[in-house]
K.L.:
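This is the structure, below, for whatever I ask next.
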Amino acid sequence: MENLAKAYNPHDTEGKIYKYWEDNNFFRADAKSKKEPFSIVIPPPNVTGVLHMGHALDGTLQDILIRYKRMKGFEVLWLPGTDHAGIATQNVVEKELRKEGKTRYDLGREKFLEITRDWANNHRSRILEQFKRLGASFDLTRERFTLDEGCSKAVKKVFVTLYNEGLIYKGAYIVNWCPRCRSAISDIETEYLSERGHLWELAYPFRDEFGAIVIATTRPETMFGDVAVAVNPRDPRYSHLIGKTVVLPMIGRDIPIIADEAVEMDFGTGALKITPAHDPNDYEIGKKHGFSPVWVMDEEGKMSDNAYVPEELRGLDRYVAREKILEQLKLQGELVRAIPHEHNVGHCQRCNDTIEPYLSEQWFVRMKPLAKRPVEAINREELNFIPPRWAKIYLDWMHNVRDWCISRQLWWGHRIPAYYCDECNEMMVCMEQPAECRKCGSSSITRDTDVLDTWFSSALWPFSTMGWPDKQSGDLEKFYPTSVLVTGFDIIFFWVARMVVMGYKFTDKSPFEYVYIHGLIRDEKGRKMSKSSGNTIDPLEIIDKYGTDALRFTLANLVTYGGQDIRLSDERFEFGRNFANKIWNASRFVLMNLEGTDDRPVDTEALTVADRWVLHKYSIVAGELDKNFGSFRFSEAAQLLYDFFWGVYCDWYVEIAKIQLQNPQTKLNTQRVLKFLLEGQLKMLHPVMPHITEEIWLLNNKNTITFEPFPVYEPLLVNEPAERRMNKAIDTIKALRNIRQSFNIPVSSLIKARIYCDDGEDREDFELTAQYIKELAKAGRISLESGLPERIPARSATVMIGSALVAVPLEGLIDLDKEIERQNKKIEGLEKEMKSLRARVNSPKFLENAPKDVILKTKERINEIEQQSQAIEDLLKSLVEG
RNA sequence: GGGCGUUUAGCUCAGUUGGUAGAGCGCUUCGCUUACACCGAAGAUGCCGGGAGUUCGAGUCUCUCAACGCCCACCA
């Protein structure tokens, strides 16, 4: 054991240990096991992605739960996989193509998909390899991909079923259109940003008389698609104009002035241009009044090449066209004015391009009828959010849910299983391509060219990955529904809510019992981490620099139950690194001192006070840990582990063990206790810091720590007297060290300490711990005196430990003024505390209402303070008198 | 417009049923004592955002105000 490195080097450990786990298939789940199941499916990272801090946090927390439950004896499944990430992946591949000066249209659909598939396959393993570096104990034999055969089958099955039940429909509606992606996107993929623009007031001249009506618009380029001008019928400024005809500037097309209640009189000019093909509200108004929409912009955001658009503008980008139009209108005197106007503009979440509302044929899922059971799930506690406040956000969304636009005009994704007869246009929605048209019998059939929103397949993830709709594997029965979903709040609507919807619809159950929502990772200034702002912290770099376990421990410690965002900086990981090193070195110490020991258990008859004390504390920590891991309180668990290992085991027990190891009578049992506690703590730490604990564990054990039973609260180890005794001893040691430091007494000079105490319990307590005090406070001699002295020994530094007085005679060494100052300060503190205690006790209401134990405790404390104050005052007197 | 979160030591943040505040880092002073300087020892630092209320007692519960942040809706 002497050959262990002086400092923990994670790189010597991590790769080796992970391989050991992998080679032995420790993480493979058995669907036939009799053990109670515990399962998590990973939120599938995008194939194109690289591991970022969000993944690291998410993955760490899942792995902690998984490893903890594995040690608790559950049959555990953590199912890994990746998401094909429709738009994101397609964008990346298109970007690559652009470097070669090509577009996807140059390649054609088949060729483009082939390239994208290769790309995805390459990256698919990369991200999972990165998760492995996190120590993720997932079952790689069950790895899934949202576009693999099984998932695709599930997608088709769900689509066809929903269609047949009328829950999926196709139709022309205004959708959010991203001109850059050339696709529709859903409402929640549209991000509204406040932008400074203009409200342009344009004059549309009357056809049959002099004058004009002035409308207000933020998008003048859509004017050629106008079908009417609408005013509020109650608006006195305009009511006389209703029914008249105006002429669209530049193209001279006639449109009527109509009346509609929806027009707000006090916005803009009170006159609204109606452009049904390019605005959601206008679409509604247009429909109501029976107008046919006029398209003037194409799917790339360019002005259409049709008769409605002036020739010189056709094919121009929408913003270029806007400038030209304004220029022209200004010349013609039809641009009345431009008012600076701040308004919200939709942007594509994926590519940030400005969204155009666009009337087009799309597929939708009717969400309202599907939302009923997901709403009830909260009340029935079939679905529980942690922290619970997220349930409200989820419910609000469910209550106001709108139809979900699921079709995307992309190539990369699940192609919609709808088929059209080329002859008669009959539409057939079915699992496989039909051989012939069911209506006219033609064999010329074409599949719908749209693909599905990525989140459609993600919504099925918890059960599509378990084999649904097939049941052969047994995974569905054993591991579905899953136990918990761990994710960030940013995808509650995108993913969590839709999984619940689909879960209830197709499996009759919530796909998970708990949703644990953690905060988002931010940079040290609280900004969102993003590649574009260059403020990301790469978890792999952190792993290289500090080690995986350091990363995991730090993150676990930083995450809060309330789900607060986490501000990270590089240096924060030193915390975990230092702790790992501490574990390493304490282990090294213990292992070095195990020579000559045996494999027998701790002899509980022969325990010293310190042994009993540390075992007592250990048992309590084990119990607390169980509670914390069981209730997703990761940081409390991490803090507990840290405090016990460092603050109790290392700082006190190991130091005391050094004493006990010197004594042949206590040596053997001390070794056993050291080892028992070290191994127990390795187990406790293992879910959070798997590599280092396994490495150390294997130095002394044949089998992996992976399946070791997690330590539990052990009532037999609880020992209150030992705790009381050690608390006194520790207080005394600290007091003596304080005196030593205050008076600059060098370590080389041994101090003497006299402890004046009662002959009863106090004396017994101190007798049992006197040796620890002597050694750890570097005292030459400890003497126990009976009762408090009548006169405090002169030229002594003193301190009260409970009702006992500890005095250190410091002939010649003591600085009188310094000691007086020290004691005065002490009295000051006591007096302050006393004041508030007295006020309480003197109030009859307190005595009436407060619980008895609180009253008792308060009175005891008052007595204690009185005693101490008295002693200190006596001391001061004797100091002054010399 | 609606909703949520945050405000505690110089910094970053804990604080689970109300009992008189903690950690890490940083800072000060010592120290290479049979693991560890990625260390050990001793210390300093807080009207727990402001105000009001409930209570014997409030960082913790209620109301209110303020600042910052986020989400949803949305006005052409």
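All values below come from the heavy atoms of this structure, side chains included, with hydrogens, waters and symmetry mates left out. Below, chain A is the first sequence line, B the second, and so on; all start at residue 1.
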K.L.:
With a 4.0 Å cut-off on heavy atoms, is A:Phe575 in touch with a base, just the backbone sugar-phosphate, or nothing at all?
P.N.:
sugar-phosphate
K.L.:
If you check every side-chain atom of A:Val854, which of B:rG19, B:rU20, B:rA35 has the closest atom?
P.N.:
B:rG19
K.L.:
Per the atom types in the model, does the base of B:rA37 pair as donor or acceptor with the side chain of A:Lys6 at under 3.5 Å?
P.N.:
no
K.L.:
Take atom C1' in B:rU8 and the same atom in B:rA21, then report the distance between them in whole Å.
P.N.:
8 Å
K.L.:
Under the salt bridge (Lys or Arg N to Asp or Glu O under 4.0 Å) rule, what pairs show up with a residue in residues 572-587 of chain A, not counting sequence neighbours?
P.N.:
none
K.L.:
With sugar-phosphate meaning primed atoms plus P, OP1 and OP2, does A:Arg567 contact a base, only sugar-phosphate, or nothing at under 4.0 Å between heavy atoms?
P.N.:
sugar-phosphate
K.L.:
Students often get this wrong, so: under 4.0 angstrom with heavy atoms, is A:Arg522 touching a base, only sugar-phosphate, or nothing?
P.N.:
nothing
K.L.:
With a non-hydrogen cut-off below 4.0 angstrom, is A:Gln564 in contact with a base, only sugar-phosphate, or nothing?
P.N.:
sugar-phosphate
K.L.:
Do A:Arg577 and B:rC38 have a side chain to base donor-acceptor pair shorter than 3.5 Å?
P.N.:
yes
K.L.:
Looking only at atom C1', what distance separates B:rC48 and B:rG18, rounded to whole Å?
P.N.:
15 Å
K.L.:
Above 12 or not: heavy atoms from other molecules or residues under 6.0 Å from NZ of A:Lys859?
P.N.:
no
K.L.:
Is any N or O donor-acceptor pair between the side chain of A:Glu201 and the base of B:rA76 shorter than 3.5 Å?
P.N.:
no
K.L.:
Checking side chain to side chain contact (heavy atoms under 4.5 Å, CB included) between A:Ile258 and each of A:Val231, A:Ile285, A:Val229, which is the one that passes?
P.N.:
A:Ile285
K.L.:
Is it true that atom CZ of A:Arg237 has more than 12 heavy atoms of other residues, nucleotides or ligands lying nearer than 6.0 Å?
P.N.:
yes
K.L.:
Per the atom types in the model, does the base of B:rC72 pair as donor or acceptor with the side chain of A:Asp396 at under 3.5 Å?
P.N.:
no
K.L.:
Between the base of B:rU20 and the side chain of A:Arg861, is one N or O donor paired with an acceptor at under 3.5 angstrom?
P.N.:
no
K.L.:
Rounded to whole angstrom, note down the C1' distance from B:rU6 over to B:rG15.
P.N.:
15 Å
K.L.:
Which pairs pass salt bridge (Lys or Arg N to Asp or Glu O under 4.0 Å) with one or both residues in residues 556-565 of chain A, sequence neighbours excluded?
P.N.:
A:Arg522-A:Asp565
K.L.:
Using a heavy-atom cut-off of 4.0 Å across all strands, would you classify A:Tyr8 as base, sugar-phosphate, or nothing?
P.N.:
nothing
K.L.:
Name all stems that contain residues of RNA chain B, defined as runs of 3 or more consecutive Watson-Crick or G-U wobble pairs, both distances under 3.5 Å.
P.N.:
B:1-7 with B:66-72, B:10-13 with B:22-25, B:27-31 with B:39-43, B:49-53 with B:61-65
K.L.:
Under 4.0 Å, heavy atoms only, any strand: does A:Arg219 hit a base, just the sugar-phosphate, or nothing?
P.N.:
nothing
K.L.:
Under 4.0 angstrom, heavy atoms only, what part of the nucleic acid is A:Pro851 near: base, sugar-phosphate, or nothing?
P.N.:
base
K.L.:
Could you measure between the two C1' atoms, the one in B:rA73 and the one in B:rG2, and give it in whole Å?
P.N.:
8 Å
K.L.:
Applying a 4.0 Å non-hydrogen cut-off, can you work out what A:Arg740 is touching in the nucleic acid: base, sugar-phosphate, or nothing?
P.N.:
nothing
K.L.:
Examine the base of B:rU34 for any acceptor or donor lying under 3.5 Å from a partner atom in the side chain of A:Gln662, and report the outcome as yes or no.
P.N.:
yes
K.L.:
Base, sugar-phosphate, or nothing: which does A:Val263 touch, judged by heavy atoms less than 4.0 Å apart?
P.N.:
base
K.L.:
Determine: side-chain N/O of A:Asn281 to OP1/OP2 of B:rC75, distance under 4.0 Å, yes or no.
P.N.:
yes
